[in-house]
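Below is one structure; the comments refer to it alone.
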Amino acid sequence: MPLFARAALTVVKNHATALRGTAVRNVALAVITGTLITGPAVTPAQAAPPSDYRVKGVDTSHYNHPGNKVIDWQRVRRAGYAFMYAKATEGTTHQDRWLAADLKNAKAASLFRGAYHFYGTTAGKDQAENFVATVRRAGYTGKAPGELPPAIDLELKAGGACPRNFSTAELRTFLRAVDAEMKVKPVIYTTEQFVKACMKGDGSLFADHMLWQPRYRSSASEPTTVPGAGSRWKIWQHSETGTVPGIESNNRTDLNVFRGTVAELERLAHT
């Protein structure tokens, strides 16, 4: 190995603790082959697989209660999961019947917890009223110790279509209404594809919001950047087919990781 390569490789080894898995191997290979300066960089979207993130969580709804089976949140906690989000509402008329019980039992198991709204096809103001009223009845404020901020789920329909009647203006109305009523900015669950298809590629509305993004079966590829949002994901939903001890819906549980430390999650949850 040439002298310059040995010296550069020493520098790489000394800084290896600042790099993860594939990034270390890629940099070392670049040094050895002499392409450290001119070779392609490892982009944030290729930084690490989900297993490299140690703070784990789940999100649930009535679909995770087959046969009305109660989730054993104590077992979920013992399996290493630190946080959960429970579905609260969808559109203006749906309220998830398991919200209150799941939030209560997750709290008893010492999980950090939040509630989310699945954005529907009606006016943003009406959807916000449904969400706020429902979570209040469940005793959730988004600000109490152990509570994570509320979240809104923005998804494309099957085939890649936008939700019927969707507009950025109505979404802005929803976000402002929830923020005004709950005094906390909602987390945004969405994708680059949604913003490009439904918001003309402009995600600047999300610039002051924490991002929760899905990307499945992607190995070491993290969620892609939401255009205009100005920040990377904080929660990554990396599987929709997970199996978790204590949750009976085998192969139907959404799995998430938090990009940060437990201490950061604690601060987010007001503890």
Side-chain angles (χ1 to χ4, degrees), residues 50-51 53-91 93-120 130-153 155 182 184 186-187 189 210 212-217 234-260 262 265-266 268-271:
S51 59
Y53 296 95
R54 302 305 182 190
V55 184
K56 302 188 299 180
V58 299
D59 59 275
T60 62
S61 70
H62 61 279
Y63 291 114
N64 299 103
H65 295 268
N68 285 325
K69 293 179 180 177
V70 176
I71 292 175
D72 186 342
W73 288 104
Q74 298 286 351
R75 287 188 65 198
V76 175
R77 185 72 182 93
R78 289 195 298 270
Y81 293 87
F83 69 95
M84 61 83 77
Y85 267 91
K87 183 177 182 179
T89 49
E90 181 173 341
T93 59
H94 174 77
Q95 300 88 34
D96 195 289
R97 63 185 180 273
W98 283 97
L99 172 67
D102 280 336
L103 289 177
K104 177 183 177 181
N105 295 334
K107 178 181 179 180
S110 299
L111 275 86
F112 301 114
R113 56 215 170 271
Y116 75 89
H117 173 79
F118 189 95
Y119 198 79
N130 182 34
F131 176 70
V132 171
T134 300
V135 297
R136 282 178 174 168
R137 286 195 298 269
Y140 168 82
T141 68
K143 301 189 297 292
E147 291 183 348
L148 298 169
I152 176 174
D153 184 346
E155 297 187 26
M182 302 185 70
V184 59
V187 174
Y189 174 104
M210 193 175 89
W212 176 7
Q213 294 181 247
R215 187 168 186 173
Y216 312 131
R217 297 173 292 278
K234 198 65 177 176
I235 300 176
W236 173 9
Q237 186 185 81
H238 62 87
S239 176
E240 57 183 345
T241 57
T243 297
V244 177
I247 302 179
E248 295 294 335
S249 56
N250 289 342
N251 301 320
R252 293 189 64 185
T253 302
D254 294 336
L255 305 180
N256 302 272
V257 291
F258 176 75
R259 187 166 60 86
V262 172
L265 187 64
E266 288 174 345
L268 187 64
H270 315 285
T271 58

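Just so you know, residue 1 is the first one in the sequence shown, and it goes up from there.
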**Study point:** All salt bridge (charged side-chain N to carboxylate O under 4.0 Å, His left out) counterparts of R252, not counting sequence neighbours
**Key:** none
Measuring from atom [atom1] of [X] to atom [atom2] of [Y], what distance do you get when rounded to the nearest 0.5 angstrom?
| X | Y | atom1 | atom2 | answer |
| --- | --- | --- | --- | --- |
| D59 | E240 | CG | CD | 10.5 Å |
| M84 | L111 | CE | CG | 7.5 Å |
| M210 | F258 | CE | CZ | 6.0 Å |
| Y140 | L99 | OH | CG | 9.5 Å |
| K56 | L255 | NZ | CG | 8.5 Å |
| L148 | Y116 | CG | OH | 14.5 Å |

Exercise for review: May I ask you to check whether over 12 heavy atoms, not counting those of K234, lie within 6.0 Å of atom NZ?
Suggested key: yes
Review point. Is K143 atom NZ crowded by more than 12 heavy atoms from other residues, nucleotides or ligands, each under 6.0 Å away?
Key: yes
Check your understanding: Checking side chain to side chain contact (heavy atoms under 4.5 Å, CB included) for the pair H94/T89: CA distance, chi angles, key distance, verdict?
Key -> CA-CA 5 Å; H94 174 77; T89 49; 5.7 Å; no
Exercise for review: Please determine which of R136, E147, H270 meets the side-chain hydrogen bond (donor to acceptor under 3.5 Å, both in side chains) test together with T141.
Suggested key: E147
Quick check: does any side chain N or O of [X] sit under 3.5 Å from a backbone N or O of [Y], one acting as donor and the other as acceptor?
| X | Y | result |
| --- | --- | --- |
| W236 | R215 | yes |
| T271 | G146 | no |
| N105 | D102 | no |

Of all the heavy-atom pairs spanning [X] and [Y], show the shortest one and how long it is.
| X | Y | result |
| --- | --- | --- |
| L103 | A86 | CD2-CB, 4.4 Å |
| V244 | V58 | CG2-CG1, 4.0 Å |
| N130 | T93 | ND2-N, 3.8 Å |
| A269 | F112 | CB-CD2, 3.5 Å |
| R113 | P145 | NH2-O, 3.3 Å |
| F83 | V257 | CZ-C, 4.3 Å |

Check your understanding: Who passes ring-ring contact (aromatic ring centres under 6.0 Å, His included) against W212, sequence neighbours left out?
Key -> Y85, Y189
Review point. Step by step, would you call E155 with F118 a side chain to side chain contact (heavy atoms under 4.5 Å, CB included)?
Key: CA-CA 8 Å; E155 297 187 26; F118 189 95; 3.6 Å; yes
**Study point:** Residue pairs involving residues 71-87 (criterion salt bridge (charged side-chain N to carboxylate O under 4.0 Å, His left out); sequence neighbours excluded)
**Key:** K87-E90
Can you sort out the partners of [X] under side chain to side chain contact (heavy atoms under 4.5 Å, CB included), two or more places apart, ordered by chain and number?
| X | answer |
| --- | --- |
| S51 | P49 |
| N251 | T243 |
| R97 | H62, N68 |

